[in-house]
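This report concerns only the one structure given below.
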Amino acid sequence: MARLILFFALLTGLALAAMAALAALRNLSDSEHAATPVTGLPGPVRMISFGFMILLLLGVSTGLVGAG
């Protein structure tokens, strides 16, 4: 049962990362036409990095990533 829960958590993180990547690609063309300077990371890039951090967290917590 725990494996099933971890699998769904991983699947949810992958879905979040995929949606953030699609949003980043969609917003790239919009940001090229914007006249205001952007400070820091754009929102979609930030969401992608959060998705990767969730994947890293799940990998470390399950023992798939890290010292073994």
Side-chain angles (χ1 to χ4, degrees):
M1 185 68 177
R3 288 182 186 172
L4 185 63
I5 292 171
L6 288 174
F7 173 73
F8 281 123
L10 178 67
L11 192 63
T12 304
L14 288 174
L16 176 67
M19 290 188 316
L22 288 174
L25 291 175
R26 185 177 56 229
N27 288 335
L28 280 178
S29 63
D30 293 340
S31 66
E32 290 175 356
H33 301 293
T36 59
V38 178
T39 59
L41 289 175
V45 175
R46 205 171 327 137
M47 287 300 295
I48 291 171
S49 66
F50 287 150
F52 284 133
M53 284 191 284
I54 289 172
L55 289 177
L56 180 63
L57 173 76
L58 286 173
V60 170
S61 65
T62 59
L64 296 174
V65 178

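Computed from a prediction, not measured in an experiment: that's the story for all the values here.
Clustering ILVMFWY residues whenever any of their side-chain heavy atoms sit less than 4.5 angstrom apart, transitively, puts Val45 in a cluster other than the one holding Phe52. Under the 4.5 Å side-chain heavy-atom criterion for ILVMFWY residues, no single connected hydrophobic cluster contains both Leu58 and Leu11. In the hydrophobic cluster analysis, where Ile, Leu, Val, Met, Phe, Trp and Tyr join through side-chain heavy atoms closer than 4.5 angstrom, Leu10 is grouped together with Phe50. Using a 4.5 Å cut-off between side-chain heavy atoms of Ile, Leu, Val, Met, Phe, Trp and Tyr, with links allowed through other members, Leu14 and Ile54 fall into the same hydrophobic cluster.
Between Ala17 and Gly51, the closest heavy-atom pair is CB-CA, 4.5 Å.
Residues meeting the side-chain contact (heavy atoms from CB on, under 4.5 Å) test with Leu56, sequence neighbours left out: Val60, Val65. Every residue meeting the side-chain contact (heavy atoms from CB on, under 4.5 Å) condition with Ala20, not counting sequence neighbours, appears here in chain and number order: Met47, Ile48.
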